[in-house]
Novice: 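Dropping a structure here in structure tokens format, bear with me for questions.
When reading the values below, keep in mind they use all heavy atoms of this one structure, side chains included, and skip hydrogens, waters and symmetry mates.
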Amino acid sequence: MAARTARTSRWWGTTADRGDPRRLEAFSDGVLAIAITLLILDVRVEQPPGESLAEALRGSLPEIGAYAASFLQIGIIWVNHHALFRLVARVDQLLLLLNLLLLGTVSFLPLPTRLVAEHTTGGDARTAVLLYGGTLTASALVYNVIWRHVVRGRLLVDGVPRAFIRDVDVRYLAGLCSYAGATVVALVSPRVAIALTVLLALMFVLGPSPRSATAGP
């Protein structure tokens, strides 16, 4: 009975080995590509008769700005996802599920992006940006859980320095706290909150850490 339970856990438990990360990366790339493409579908330039194109474009600035901000967010998420999974030697069942949760938060982002573009003032603007920031905070939270599971589950490739791991620990946790803080700022100033989320995304433009992930000679 114990042997049967062990075999079941090995094949279906949260630590069940699911091989190398290539299929996970390929699936993730597809989902992220669709999510980032969906953003542009909500950008429309409506030009009533008698109105110049410049005026019509000016009226579409909220949609264009929201698109640019979210394109940056998803783009940086993809960059970091790619960099992170270059360090993953193997995948287990729990990592697959956590990655699916991350993709769920990212693919949800086009909805709050549209709401942010449509509601630029008043209480609705605060609500829209709270949802937007909450979505990004959820993504950051899942990133933290994924990273800690990869480290504690010994799923990393050999030779990753402890200094690199500590650096990513600090940066990911700081990112989570900062996104949560930016979301709270939306209660006071939705526009400042959006600006803060953009600045936070740029913090990770070089990947999880600027430090080398390989041990020195």
Novice: Val168 and Ile165: side-chain contact (heavy atoms from CB on, under 4.5 Å), yes or no, with the steps?
Specialist: CA-CA 5 Å; Val168 178; Ile165 293 174; 6.0 Å; no

Novice: Verify, without hydrogens or angle tests, whether Asn144 (side chain) and Ala140 (backbone) share a donor-acceptor contact under 3.5 angstrom.
Specialist: yes

Novice: Does a salt bridge link Glu25 with Arg86, judged by any charged N lying under 4.0 Å from a carboxylate O?
Specialist: yes

Novice: Using every non-hydrogen atom in the two residues, find where Ser139 and Leu102 come nearest and quote the distance to one decimal.
Specialist: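 Reported closest heavy-atom pair: O-CD1, 3.7 Å.
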
Novice: Just verifying a value: how many Å separate Leu101 CG and Leu96 CG, rounded to the nearest 0.5 Å?
Specialist: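 Going from the CG atom of Leu101 to the CG atom of Leu96 covers 13.0 Å.
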
Novice: Please answer: with hydrophobic residues joined when any side-chain heavy atoms are less than 4.5 Å apart, are Val192 and Val188 in the same cluster?
Specialist: no

Novice: Taking all non-hydrogen atoms of both residues into account, name the closest pair between Ala117 and Ala66 and its distance.
Specialist: CB-CB, 3.9 Å

Novice: To the nearest 0.5 Å, what is the distance between CG on Leu38 and OH on Tyr67?
Specialist: 11.5 Å

Novice: Evaluate the side-chain proximity of Asp42 to Thr113: yes if any heavy-atom separation is below 4.5 Å, no if none is.
Specialist: no

Novice: Do Val151 and Val160 make a side-chain contact, defined as non-hydrogen atoms from C-beta onward lying under 4.5 Å apart?
Specialist: no

Novice: How long is the straight-line distance from CG of Leu136 back to OG of Ser178, given to the nearest 0.5 Å?
Specialist: 12.5 Å

Novice: Looking only at heavy atoms, which two atoms of Val198 and Ala69 are closest? And how far apart?
Specialist: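 Shortest heavy-atom contact: CG2-CB, 4.0 Å.
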
Novice: Treating Ile, Leu, Val, Met, Phe, Trp and Tyr as nodes and any side-chain heavy-atom pair under 4.5 angstrom as an edge, say whether Leu200 and Val79 lie in one connected cluster.
Specialist: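 Shared cluster, yes.
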
Novice: Without swapping roles, check the side chain of Asn80 against the backbone of Phe204 for a donor-acceptor pair under 3.5 Å.
Specialist: yes

Novice: Return the minimal non-hydrogen interatomic distance between Ile77 and Val106, and the atom names on each side.
Specialist: CD1-CG2, 3.9 Å

Novice: Tell me if a side-chain donor or acceptor on Thr197 pairs with a main-chain N or O of Ile194 at a distance below 3.5 Å.
Specialist: yes

Novice: Is the shortest side-chain heavy-atom distance between Ile40 and Phe71 below 4.5 Å?
Specialist: no

Novice: If you take all heavy atoms of Arg171 and Met203, which pair is closest and at what distance?
Specialist: NH2-O, 2.9 Å

Novice: According to side-chain hydrogen bond (donor to acceptor under 3.5 Å, both in side chains), who are the partners of Thr121, at least two apart in sequence or on a separate chain?
Specialist: none

Novice: Can you tell me how far CG of Leu39 sits from CD of Gln73, rounded to the nearest 0.5 angstrom?
Specialist: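 Output value for this atom pair is 10.5 Å.
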
Novice: If we check ring pair (Phe, Tyr, Trp, His ring centres under 6.0 Å) with Tyr143, which of these qualifies: Tyr172, Phe85, Tyr179?
Specialist: Tyr172

Novice: Between Arg148 and Asp169, is any pair of side-chain heavy atoms under 4.5 Å apart?
Specialist: yes

Novice: List the steps, then state whether side-chain contact (heavy atoms from CB on, under 4.5 Å) holds for Leu95 with Val150.
Specialist: CA-CA 8 Å; Leu95 182 54; Val150 166; 4.0 Å; yes

Novice: To the closest 0.5 Å, what do you measure between OG (Ser70) and CG (Leu109)?
Specialist: 4.0 Å

Novice: Verify side chain to side chain donor-acceptor pair (under 3.5 Å) between Thr105 and Thr135, making sure each step is shown before the conclusion.
Specialist: CA-CA 6 Å; Thr105 65; Thr135 303; over 6 Å; no

Novice: Counting only N and O atoms by type, is there a donor-acceptor contact under 3.5 Å from the side chain of Thr127 to the main-chain atoms of Gly123?
Specialist: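 It does hold such a pair.
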
Novice: Return a table of donor-acceptor pairs under 3.5 angstrom between the side chains of residues 27-37 and protein atoms on other chains or two or more places apart.
Specialist:
from  : atom 1 : to    : atom 2 : distance (Å)
Ser28 : OG     : Leu24 : O      : 2.8
Ser28 : OG     : Asn99 : ND2    : 2.8
Asp29 : OD1    : Trp78 : NE1    : 2.9
Thr37 : OG1    : Ala33 : O      : 2.7

Novice: Taking the side chain as everything from C-beta on, heavy atoms only, tell me whether Phe108 gets closer than 4.5 Å to Leu131.
Specialist: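 Yes, close enough: below the 4.5 Å cut-off.
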
Novice: May I ask you to test the His149-Leu155 pair for a side-chain heavy-atom distance under 4.5 Å?
Specialist: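 His149 reaches Leu155 side chain to side chain.
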
Novice: Starting from Val129, can I reach Val184 by hopping between I/L/V/M/F/W/Y residues whose side chains sit under 4.5 Å apart?
Specialist: no

Novice: In the structure I gave you, are the side-chain heavy atoms of Ile76 and Leu202 within less than 4.5 Å of one another anywhere?
Specialist: no

Novice: Does Ser60 use its side chain to pair, donor to acceptor, with the backbone of Arg44 at less than 3.5 Å?
Specialist: yes

Novice: So, for Gly59 and Pro62, which heavy atoms are closest and what is the spacing to 0.1 Å?
Specialist: O-CD, 3.6 Å

Novice: Assess the residue pair Tyr132 and Arg114 against the criterion (side-chain contact (heavy atoms from CB on, under 4.5 Å)); give the C-alpha distance rounded to whole Å, side-chain angles, the decisive distance to 0.1 Å, and a yes or no.
Specialist: CA-CA 10 Å; Tyr132 185 82; Arg114 177 172 61 82; over 6 Å; no

Novice: Checking Gln47 side chain against Glu51 main chain: does a donor-acceptor pair fall under 3.5 Å?
Specialist: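 The answer is yes, because a donor-acceptor pair under 3.5 Å joins these two groups.
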
Novice: Should we count CZ of Arg191 as having more than 12 external heavy atoms under 6.0 Å?
Specialist: no

Novice: Is it possible for you to say whether Val116 and Leu187 belong to one hydrophobic cluster, with membership spreading through side-chain heavy-atom contacts below 4.5 Å?
Specialist: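 No, separate clusters.
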
Novice: Should Leu98 and Leu94 be marked as a side-chain contact (heavy atoms from CB on, under 4.5 Å) after you check the CA-CA gap, both sets of side-chain angles, and the distance that decides it?
Specialist: CA-CA 6 Å; Leu98 290 172; Leu94 182 55; 4.0 Å; yes

Novice: Using the rule that two of Ile, Leu, Val, Met, Phe, Trp, Tyr join whenever any of their side-chain heavy atoms come within less than 4.5 Å, decide whether Ile74 and Leu41 are in one cluster.
Specialist: yes

